Number of protein chains: 2
Amino acid sequence: MKVHGEVFSSATQRVLACLYEKELDFEFVPVGMRTGAHKKQPFLSLNPFGLVPAFEDGDMTLFESRAINLYIAHTYEDKGTQLLYDGKKMAIASVWMDVEAHQFDPAASKLGGTVDAAAVQEKEAKLVQVLDIYEVRLAQFKYLGGDDFTLVDLHHLPRLQRLMGSQMKKLVDSRPHVRAWSADILARPAWLKVLAMQANN
Amino acid sequence: MKVHGEVFSSATQRVLACLYEKELDFEFVPVGMRTGAHKKQPFLSLNPFGLVPAFEDGDMTLFESRAINLYIAHTYEDKGTQLLYDGKKMAIASVWMDVEAHQFDPAASKLGGTVDAAAVQEKEAKLVQVLDIYEVRLAQFKYLGGDDFTLVDLHHLPRLQRLMGSQMKKLVDSRPHVRAWSADILARPAWLKVLAMQANN
């Protein structure tokens with residue numbers, strides 16, 4: 001199993017967190033994004049979009065971090081943490097998985113970047129909306145997908161970690177259920193391993 | 001089974017196309033977006049984000065069009081068109097499902113809107129990249145997920161239909177495999193039923 005990526009990339013971290021939760025052995029292959037290697041061959045043969053990470057398992061090559069994680073969680077169902085549900089519970093979890101990808105992620109991305117003030121304000125307003133909805137959801141269930149930690153929560157980890165290191169931390173801290181959920185998932189041993197990989201880089 | 005939405009909404013059309021492919025009976029409930037009913041109760045109890053569509057099946061309430069379609073395709077596997085694969089083939093299809101959601105959809109959305117020239121240019125450049133990659137993929141496989149029509153293709157229908165009615169049509173027409181794929185999927189009887197619903201509205 002090989003992950004081609006960069007330890008500072010959110011999407012790469014998302015896959016690394018999943019592999020650590022599943023306690024799987026893998027090889028990490030740094031792509032060299034800073035020199036633009038992800039926009040050239042041979043990386044483009046792994047992902048034609050030139051985005052990290054790409055993932056190899058035997059003869060399978062996959063990209064898109066959330067699709068990679070679904071593959072890992074399904075294929076290695078019996079290893080490490082169970083990250084999926086069955087049936088109707090999974091249908092509900094899938095809704096919240098798409099909420100992460102389409103609502104949370106765009107609002108939480110590039111918060112520390114060089115975007116203009118109006119764009120930051122727009123993102124903050126969106127994030128307030130998302131976190132208000134999360135607060136209601138997390139008052140009913142321990143995790144976003146249901147009462148168990150699943151891929152839904154895991155997919156939030158990289159952006160949430162950055163959020164907590166930015167001035168947007170106040171938006172999490174002011175919502176008790178979101179704050180407790182954030183503290184819980186950011187302290188998972190699998191996630192700490194990803195942070196250690198980044199720190200040692 | 002109930003779909004709460006609007007026939008002119010891309011996300012609503014995505015779910016309607018799936019229901020017609022699966023030959024399922026359903027009730028369509030117009031939400032009244034033009035009067036802002038989607039941002040108020042009772043709709044917010046179906047989707048706290050105030051976005052259409054929302055979907056009900058017995059005691060299940062779901063939102064996010066792609067998650068709804070995954071639920072329908074899994075739950076009613078034995079009805080109508082088979083829209084999913086198993087195992088490794090599904091893992092590959094899931095990659096292209098995320099490509100639609102994260103690459104194609106943002107580039108193809110609001111192309112006819114009042115966005116500024118720079119934004120249109122940026123979207124066009126992104127769309128060119130995506131369609132170039134689709135051209136390569138569709139030279140190898142009849143459909144994006146593999147050799148069968150699946151949810152991957154179906155999820156493209158609403159945006160693709162609009163694209164073909166805009167000046168971006170040239171980007172599809174100039175790529176032979178993309179053009180053939182587009183003509184094929186836009187002519188599916190299930191999709192024509194969605195267009196008829198819109199026309200009769």
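The shown structure was predicted, so the numbers you read here are calculated from the model rather than taken from an experiment. Labels below follow one simple rule: chain letters A, B, ... track the order of the sequence lines, proteins then strands, and each chain is numbered from 1.
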Q.
Can you confirm whether B/Lys39 is buried at NZ, in the sense that more than 12 heavy atoms of other residues, nucleotides or ligands lie under 6.0 Å from that atom?
A. yes

Q: Count the heavy-atom pairs under 4.5 Å between each of A/Gln129, A/Met90, A/Met97, A/Gln103 and chain B, then report the option with the highest count.
A: A/Gln103

Q: Please say whether more than 12 non-hydrogen atoms of neighbouring residues, nucleotides or ligands are located less than 6.0 Å from CD in A/Gln41.
A: yes

Q: Pick one of side chain, backbone, both or neither for A/Asn47, based on which atoms fall under 4.5 Å of a heavy atom in chain B.
A: neither

Q.
If you compare all heavy atoms of B/Ala91 against all heavy atoms of A/Leu62, which two are closest, and at what distance to 0.1 Å?
A. O-CD2, 3.9 Å

Q) Should the heavy atoms of other residues, nucleotides or ligands under 6.0 Å from CD of A/Glu122 be counted, would the total exceed 12? A) no

(Q) Heavy-atom pairs under 4.5 Å with chain A - which of B/Ala67, B/Ala93, B/Pro106 has more of them than the others? (A) B/Ala67

Q.
Is B/Ile133 close to chain A through its backbone or its side chain, or both, or neither, when contacts mean heavy atoms under 4.5 Å?
A. side chain

Q. Of the backbone (N, CA, C, O) and the side chain (C-beta and beyond), which part of B/Ser65 lies under 4.5 Å from a heavy atom of chain A, both, or neither?
A. neither

(Q) Taking every non-hydrogen pair under 4.5 Å, which of B/Thr61, B/Asp105, B/Val99 racks up the most with chain A? (A) B/Val99

Q: Mind running side chain to side chain contact (heavy atoms under 4.5 Å, CB included) on A/Lys88 and B/Thr75 for me, showing each step along the way?
A: CA-CA 9 Å; A/Lys88 289 190 172 187; B/Thr75 309; over 6 Å; no

Q: Check each atom of B/Leu51 against the heavy atoms of chain A and say whether the ones under 4.5 Å are side chain, backbone, both or neither.
A: side chain

**Q.** Contact summary for B/Glu64 and A/Val95, nearest pair of heavy atoms
**A.** CG-O, 3.8 Å

Q: Could you tell me whether B/Gln167 atom CD has more than 12 heavy atoms of other residues or ligands within 6.0 Å of it?
A: no

Q | B/Lys142, NZ: over 12 other non-hydrogen atoms inside 6.0 angstrom | A | no

Q: Give a yes or no on this: more than 12 heavy atoms of other residues, nucleotides or ligands lie within 6.0 Å of atom CG of B/Asp86.
A: no

(Q) Measuring from atom CZ of A/Phe49 to atom NZ of B/Lys126, what distance do you get when rounded to the nearest 0.5 angstrom? (A) 6.5 Å

Q: Please flag which part of B/Val136 lies under 4.5 Å from any non-hydrogen atom of chain A: side chain, backbone, both or neither.
A: neither

(Q) What's the separation between atom CG in A/Leu70 and atom CG in B/Asp98, rounded to the nearest 0.5 Å? (A) 7.5 Å

